[in-house]
Amino acid sequence: MKPSIILYKTLPDDLQQRLAEHFTVTQVANLKPETVQQHAEAFATAQGLLGSSEKVDAALLEKMPQLRATSTVSVGYDNFDVDALNARKILLMHTPTVLTETVADTIMALVLSSARRVVEVAGRVKAGEWTSGIGADWFGVDVHHKTMGIIGMGRIGLALAQRAHFGFGMPILYNARRHHAEAEARFQARYCDLDTLLQESDFVCLVLPLTEETHHLIGKAQFEMMKKSAIFINAGRGPVVDENALVEALQNDEIHAAGLDVFEKEPLPVDSPLLSLPNVVALPHIGSATHETRYNMAACAVDNLIDALNGKVEKNCVNPQVAG
């Protein structure tokens, strides 16, 4: 008899078929209490859970006593109560490798569009404002050979450093939990404390996950340390930044501009001050949003769940210590 699983995300047909070959699949729209109640028996007997962008907490796990493995279609897992999973010896699988290059591309796009005011001036062209030669009020700032500071030197940070160093001749500063020998050897990246990075960087790029330690890591004091000409980029998680402090820094010209793919509340509220600031490029959390990468993430998540429920936890596992 096939193990049963709950699928709370729509997948391409071929991936849904692959799941059906291995499991009895119950597809649901979300993990809200009313949905769980509606499919109570399926949740009570499910050994696997696959999807993204929904909270998986202790209350849900209480309704899933047979659960052995969860698989998220993402690299981040801040929607999961990892302690609760560990207490029940439930595996948590994620997709840390397949989106690296695509997210690094997005960050470079934010760097370039923020510095060269691409979104703003393109809007002015479409509005019919380009009626003669452009003046200084249309100008941006250079990217090449400026100093990039990267907060978080994981896979994405490394891919970003490669683009910045080799593509744009940018010196690289970085701050991370430990020294990164590959970054230092390949890109002559210089490890420094966070304060030094903030003070010396022309572009401050944040690529950290959200944890208790990183929540509001960047706030008023940190923005005050940055150069007035600095451009701040966040493509990690929104709550790593105190958004009110960011708005204040932009409004008061404490920093030059910001390029943002993530926010404290998503979707970004329509009354957010960030939307009225011309020196902000705001994207709808599209870091990995290409057809190719999203398919590959979903395929990886499917394979992860199959492997986990077959006892093959060799990669992509957040908590391999609970396997056994």
Check: What's the verdict on side-chain contact (heavy atoms from CB on, under 4.5 Å) for Ile134 and Val121, showing C-alpha distance, side-chain angles and the deciding distance?
Finding: CA-CA 10 Å; Ile134 66 169; Val121 298; over 6 Å; no
Next item on the list: Using the side-chain contact (heavy atoms from CB on, under 4.5 Å) rule, take Thr293 and Glu101 through it: C-alpha gap first, then chi angles, then the decisive distance, then the call.
Entry: CA-CA 9 Å; Thr293 294; Glu101 300 296 332; over 6 Å; no
Notebook entry, point to check: Does the pair Arg186 and Leu158 meet the rule for a side-chain contact (heavy atoms from CB on, under 4.5 Å), with working shown?
Noted result: CA-CA 10 Å; Arg186 290 177 61 194; Leu158 197 68; 4.3 Å; yes
Next item on the list: Check the pair Ile107 / Asp261 against side-chain contact (heavy atoms from CB on, under 4.5 Å), numbers first and verdict last.
Entry: CA-CA 8 Å; Ile107 299 172; Asp261 190 37; over 6 Å; no
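When each of Lys312, Lys315, Arg18 is checked for a side-chain hydrogen bond (donor to acceptor under 3.5 Å, both in side chains) with Asp303, only Arg18 meets the rule. Between Leu92 and the choices Leu85, Asn304, Leu49, the side chain to side chain contact (heavy atoms under 4.5 Å, CB included) rule is met once, by Leu85.
Following chains of ILVMFWY side-chain contacts shorter than 4.5 Å, one can reach Met153 starting from Met108, so the two form part of one hydrophobic cluster. Both Val204 and Leu194 are assigned to one and the same hydrophobic cluster, defined by single-linkage of ILVMFWY side chains at heavy-atom distances under 4.5 Å. Both Val36 and Tyr8 sit in one connected hydrophobic cluster of ILVMFWY residues. Membership requires side-chain heavy atoms under 4.5 Å apart, directly or through other members. No chain of hydrophobic side-chain contacts below 4.5 Å, direct or via other Ile, Leu, Val, Met, Phe, Trp or Tyr residues, connects Val73 to Leu67. No chain of hydrophobic side-chain contacts below 4.5 Å, direct or via other Ile, Leu, Val, Met, Phe, Trp or Tyr residues, connects Val262 to Leu260.
Of the possible donor and acceptor atoms, one in the side chain of Thr106 sits under 3.5 Å from a partner among the backbone N and O of Thr102. Side-chain atoms of Arg68 never come within 3.5 Å of backbone atoms of Gly48 as a donor-acceptor pair (strictly under, hydrogens ignored). When atom types are taken as modelled, the side chain of Gln27 and the backbone of Leu7 share no donor-acceptor pair closer than 3.5 angstrom. Checked by atom type and distance alone, the side chain of Asp193 pairs as donor or acceptor with a backbone atom of Asp195 at under 3.5 Å. In this structure, Arg124 contributes its side chain and Glu120 its backbone to no donor-acceptor pair below 3.5 Å. Without hydrogens or angle criteria, Asn316 side chain to Met93 main chain gives no donor-acceptor distance under 3.5 Å. When atom types are taken as modelled, the side chain of Tyr191 and the backbone of Ala176 share a donor-acceptor pair closer than 3.5 angstrom. No donor-acceptor pair under 3.5 Å is formed between the side chain of Arg88 and the backbone N or O of Pro65. With Tyr174 contributing its side chain and His180 its backbone, the two residues share a donor-acceptor pair below 3.5 Å. Here the side chain of Ser4 pairs a donor or acceptor atom with the backbone of Thr45 at under 3.5 angstrom.
Contact record, Met297 with Ser74: CE-CA, 3.8 Å, taken as the closest heavy-atom pair. Of all heavy-atom pairs between Ala301 and Thr95, the closest is N-CG2, 3.9 Å. The two residues Leu210 and His215 make their nearest non-hydrogen contact at CD1-CA, 4.1 Å. What you find for Gly157 and Ile150 is that their closest heavy atoms are O-CD1, 3.7 Å. Contact detail for Met170 and Phe203: the closest heavy-atom pair is CE-CD1, 3.7 Å. Between Leu208 and Thr214, the closest heavy-atom pair is CD1-CG2, 4.2 Å.
For Lys2, the NZ atom sits in a packed shell: over 12 heavy atoms of surrounding residues, nucleotides or ligands are nearer than 6.0 Å. Dense packing is recorded around CD of Glu21, with more than 12 heavy atoms of other residues, nucleotides or ligands lying under 6.0 Å away. Summarising the local packing, CD of Glu34 is surrounded by more than 12 heavy atoms from other residues, nucleotides or ligands at distances under 6.0 Å. Open room surrounds CZ on Arg116; 12 or fewer heavy atoms of other groups in view lie less than 6.0 Å from it. Atom CZ of Phe23 has more than 12 heavy atoms from other residues, nucleotides or ligands within 6.0 Å. In this structure, Trp130 places its CH2 atom where only 12 or fewer heavy-atom neighbours from other residues, nucleotides or ligands lie under 6.0 Å away.
Of the inter-residue distances, the one linking Leu173 atom CG with Thr196 atom OG1 reads 8.5 Å to the nearest 0.5 angstrom. Separating the CZ atom in Arg294 from the OG atom in Ser52 is a distance of 8.0 Å, to the nearest 0.5 Å. Considering CG of Asp137 and CD of Glu129, their distance stands at 9.0 Å, rounded to 0.5 Å. One distance of note links NZ of Lys146 with CZ of Phe168; it measures 12.5 Å at 0.5 Å rounding. Leu19 CG to Thr24 OG1: the interatomic distance, rounded to the nearest 0.5 Å, is 11.5 Å. Atoms CD and CD, on Glu254 and Glu248 in that order, are 6.0 Å from each other to the nearest 0.5 Å.
Residues Asp14 and Tyr295 meet the side-chain proximity criterion, which asks for heavy atoms closer than 4.5 Å. The shortest distance between side-chain heavy atoms of Met64 and Ile6 falls below 4.5 Å. Residues Ile90 and Thr70 form a side-chain contact, since some pair of their non-hydrogen atoms from C-beta on lies under 4.5 Å apart. Residues Asp78 and Pro209 are not in side-chain contact: their nearest non-hydrogen atoms beyond the backbone lie 4.5 Å or more apart. Considering only heavy atoms from C-beta on, Leu112 comes within 4.5 Å of Val143 through its side chain. Within the 4.5 Å cutoff, the side chain of Glu54 has no heavy atoms near those of the Leu60 side chain. At a threshold of 4.5 Å between non-hydrogen side-chain atoms, the residues Asn175 and Cys192 do not count as touching. Residues Leu246 and Ile255 meet the side-chain proximity criterion, which asks for heavy atoms closer than 4.5 Å.
In this view, Glu264 satisfies the salt bridge (charged side-chain N to carboxylate O under 4.0 Å, His left out) rule with no residue, not counting sequence neighbours. Partners of Gln251 according to the side-chain hydrogen bond (donor to acceptor under 3.5 Å, both in side chains) rule, which considers only residues two or more places apart in sequence or in another chain, do not exist here.
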Hey, can you pull the donor-acceptor pairs under 3.5 Å for the side chains in residues 221-235, sequence neighbours left out?
unit_1 : atom_1 : unit_2 : atom_2 : d
Gln222 : OE1    : Gly219 : N      : 2.8
Glu224 : OE2    : Lys220 : NZ     : 3.2
Lys227 : NZ     : Glu200 : O      : 3.3
Lys227 : NZ     : Asp202 : OD1    : 2.9
Asn234 : OD1    : Gly236 : N      : 3.0
Asn234 : ND2    : Arg237 : O      : 3.4

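Ion pairing between Asp81 and Lys55 fails under the 4.0 Å rule for side-chain N and carboxylate O.
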